Amino acid sequence: MEGAGRGADLSERLVRAAAVGDLQSAAAAALSLVAQDGEGNVVGVLLGVPSGNVISTVARLPGHEQHALLSMLKDAKIKAVAVREDARGRGIGAGLLNRWVQVYWQLDHVLLFGGFETPRALGPYYTRQGFTVLRPGQTIDVGTLLTGVPIDLGSGPGETFFYRWSGRIR
């Protein structure tokens, strides 16, 4: 898998952008993981990003600008994960997810999450990967930990939310 060793670069970009007050650029920092077969063909990809929803919600709280930076350094979202159809069932998606979790835990993130379209029924898959899958409409509070103010995080209509706290935080 390529791109997996770039975690330190990711944190560095976030900190540099946030240090000059450019939270929008910092929020755009992404971690891309690519799985290739023996011939070098791409068979799977995963894109992880800071959570724009958390960042923007926290940044709007009066006096909590630093907490917006902290959220970028403490939580991450799976924006997309895909495995080529003819390569499915070989553990490629699980490998990408495991590496993504490993990179972000090494960066001291405490919350990893994502969502999927409810009709795709991927709940059992994400549960096997160590994530907690919520029922549609359920949320988790991510704000109290960061700001002392409750901020609910979950998926919109027609989506299912999944998350995983690090072993250090519950």
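Predicted model, so just to flag it, every value in this text is computed and none were measured.
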Can you find a pair of side-chain heavy atoms, one from [X] and one from [Y], that are under 4.5 Å apart?
| X | Y | value |
| --- | --- | --- |
| Ile92 | Arg84 | no |
| Tyr163 | Val133 | no |
| Trp105 | Arg164 | yes |
| Val101 | Leu112 | yes |
| Leu97 | Leu46 | yes |
| Arg90 | Val43 | no |
| Gln36 | Val34 | yes |
| Asp152 | Asp141 | yes |

### Message
Apply side chain to side chain contact (heavy atoms under 4.5 Å, CB included) to residues Lys74 and Asp108 and explain how you reach the verdict.
### Response
CA-CA 7 Å; Lys74 294 298 176 187; Asp108 290 328; 3.6 Å; yes

### Query
Quick one: CG on Leu96 to CD on Gln129, what's the gap to the nearest 0.5 Å?
10.5 Å

### Query
Going from CD1 on Ile78 to CG on Leu33, what distance comes out if it is rounded to the nearest 0.5 angstrom?
9.5 Å

For residues [X] and [Y], report the shortest heavy-atom separation together with the two atoms involved.
| X | Y | answer |
| --- | --- | --- |
| Gly158 | Pro119 | O-CD, 3.9 Å |
| Ala94 | Tyr125 | N-OH, 3.0 Å |
| Gly115 | Ser155 | CA-OG, 4.1 Å |
| Val49 | Leu47 | CG1-CG, 4.1 Å |

### Task
Tell me, yes or no, whether the heavy-atom count around Glu117 atom CD, taken from other residues, nucleotides or ligands under 6.0 Å, exceeds 12.
no

### Task
Report yes or no: does Gln138 contribute a side-chain atom to a donor-acceptor pair with the main-chain N or O of Arg135 at less than 3.5 Å?
yes

#### Entry: Trace of the side-chain hydrogen bond (donor to acceptor under 3.5 Å, both in side chains) decision for Thr118 with Thr160
CA-CA 5 Å; Thr118 301; Thr160 298; 2.7 Å; yes

### Task
Please work out whether the ring planes of Tyr126 and Phe116 are parallel, tilted or perpendicular, with thresholds of 30° and 60°.
parallel

### Message
Just to verify, which of Phe162, Phe161, Trp100 counts as forming a ring-ring contact (aromatic ring centres under 6.0 Å, His included) with Phe113?
### Response
Phe161

### Task
Could you give me the CA-CA distance, side-chain angles and deciding distance for Leu111 and Ile140, then say whether side chain to side chain contact (heavy atoms under 4.5 Å, CB included) is met?
CA-CA 11 Å; Leu111 174 64; Ile140 60 170; 4.1 Å; yes

